[in-house]
Amino acid sequence: MLKRKWLLGVALLLVLSLVLAAGCGEAEEVVDDDDEIVITVAAGAVGMELELTRDLAEMYSAENEGVRVEVLDTPDMVEDRLGLYLQFFEAGSSEVDVYQIDVIWPGDLAEHFVDLYEHGADEVAGDHFPAIVENNTVDGRLVGIPWFTDAGLLYYRTDLLEKYDLDPPATWDDLEEAAQIIQDGERAENPDFWGFVWQGRAYEGLTCDALEWIASNDGGTIISPEGVITINNPNAIEIVDQAAGWVGTISPDGVTTMAEEESRAVWHAGNAAFMRNWPYAYATSQADDSPVKDLFDVSPLPAGRSGAGAATLGGWQLAVSQYSENPEIAADVALYMASYEGQKYRAVEGTFNPTIMDLYEDAEVLEAAPFFGSLYDVFINAVARPSTVTAPQYSAVSELFYNAVYDVLIGDTNAADAFEELEIDLMDLTGFDAE
Ligand code: GLC
């Protein structure tokens, strides 16, 4: 799958360079033989994402004669997807009309997108969570319509907690203990069994996981919303050292190569007691062919010193390219996909969290995803990464952070040394002061 996506990425870049080399940089309107307008949506393919986006594309095309919506499958890893998008932007390419963009990107990428307020979004913006709309508003321009929101959750096996007479863990210490007990017990029959899987690879997902550990331990958010570098503090250091202790004990050594889909594969096979993941994994785990169907539940992530768990705020928006030849129609497609019905479809079929507040009271949505109601507080209190305050440098900030955490996880250094160095690197990069 990954290989296929990479080939697609490479093929696209080749096409782009050929077009540029031929001196045809100025894009022409994409109209095929039947005078049909083609709108291309660059979208994610994690869990059921791709098929659900394709369904919506087909629905739009069926309802709008003369327009065909196509979906371009992009790499799973945030960095890789961003790299592909940047190639399109640098080329001023009209190849993609609508981009699915991460909640951390509006500040970094605003210049490449049209203001959706000029294309009808003013009528619907008020239906969405105000904090997400604000996140997507750069200099008064709405650069993306919220599509779905995300927050980290703890997945746990209800059958195994019952078998070992354990409660869902309230703290990281509880989780360590429960994971060890279940792992020790299950290993007798299943040598591939692990206590806890999560996202430990050096990439944006590790920034999300580590921010959750740190925020839950009263260790701040790397850089405060006011622009103060806070990462080099004892509570942050303590919990990251603790997490490094999971690698090779309750978590496989290979956890430091895992992104969302790799950890989900272990969980799906029935080989993990606990998993940290986003809500999309609920629908896939409940699928008819899933070995863990009806054998799991979700809860807030465990707490550290703060006494409460913290979930990183994730999520994706639909943005219309400045370089689109058909921005008006592209915006209509984006607003259609992010509408009440569009979000409802994805929530019911794929447990993608809506950004439209009323959908959290929709009976069909709550039936398909009961945790949207029971864990509502987790979703509205999710902790933001410092992307607004560091824009347009967020990606570089995050890269420094996840590499520092990664070095601790693989045992190259300890968190005290890693964060002392990180603090200096962040000061150099951002010009901000440290606490
Ligand atoms: C999820 C989140 C996104 C985050 C990514 C990290 O897709 O929605 O915000 O950046 O995971 O892997």
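Heavy-atom basis, side chains included; hydrogens, waters and symmetry copies ignored. Indexing begins at 1, ligand by ligand and atom by atom, following the structure's order.
- Close approach to Gly314 involves these atoms of ligand 1, each under 4.0 Å from a residue heavy atom: 2 (C), 8 (O), 9 (O).
- The two residues Gly140 and Tyr117 make their nearest non-hydrogen contact at O-CD1, 3.8 Å.
- Distances between N or O atoms of Asp102 and those of ligand 1 include at least one value under 3.5 Å.
- In terms of protein heavy-atom proximity, atom 7 (O) of ligand 1 is closest to Trp316 NE1, 3.0 Å.
- Looking from atom 11 (O) of ligand 1 to the surrounding protein, the closest heavy atom is Trp278 NE1, 3.1 Å.
- Of the protein's non-hydrogen atoms, Val78 CG2, 3.8 Å is the one closest to atom 5 (C) of ligand 1.
- Ligand 1 places these atoms under 4.0 Å from at least one heavy atom of Glu204: 10 (O).
- When all heavy atoms of Leu359 and Lys344 are compared, the pair lying nearest together is CD2-CB, 3.7 Å.
- Contact check for Tyr282 versus Pro370: side-chain heavy atoms found under the 4.5 Å cut-off.
- Distances from ligand 1 to the non-hydrogen atoms of Met77 include no value under 4.0 Å.
- Near Asp150, the atoms of ligand 1 lying under 4.0 angstrom from a non-hydrogen atom of the residue are 1 (C), 2 (C), 7 (O), 8 (O).
- Among all heavy-atom pairs drawn from Asp102 and Gly315, the shortest one is OD1-O, 3.2 Å.
- Cation-pi geometry between Arg157 and Phe296 is not satisfied (NZ or CZ under 6.0 Å from the ring centre, within 45° of the ring normal).
- Using a 4.5 Å heavy-atom threshold, the side chains of Glu212 and Arg276 count as touching.
- Residue Tyr203 places a heavy atom under 4.0 Å from ligand 1.
- Cation-pi contact between Arg81 and Trp105: absent, since separation from the ring centre below 6.0 Å together with deviation from the ring axis within 45° is not met.
- Nearest protein heavy-atom contact of atom 12 (O) of ligand 1 is Glu260 OE2, 2.7 Å.
- The side chain to side chain donor-acceptor pair (under 3.5 Å) test with Ser251 is passed by exactly one of Trp246, Trp198, Trp194: Trp198.
- Near Gly205, the atoms of ligand 1 lying under 4.0 angstrom from a non-hydrogen atom of the residue are 6 (C), 12 (O).
- At a heavy-atom distance under 4.0 Å, only side-chain atoms of Arg385, from C-beta outward, approach ligand 1.
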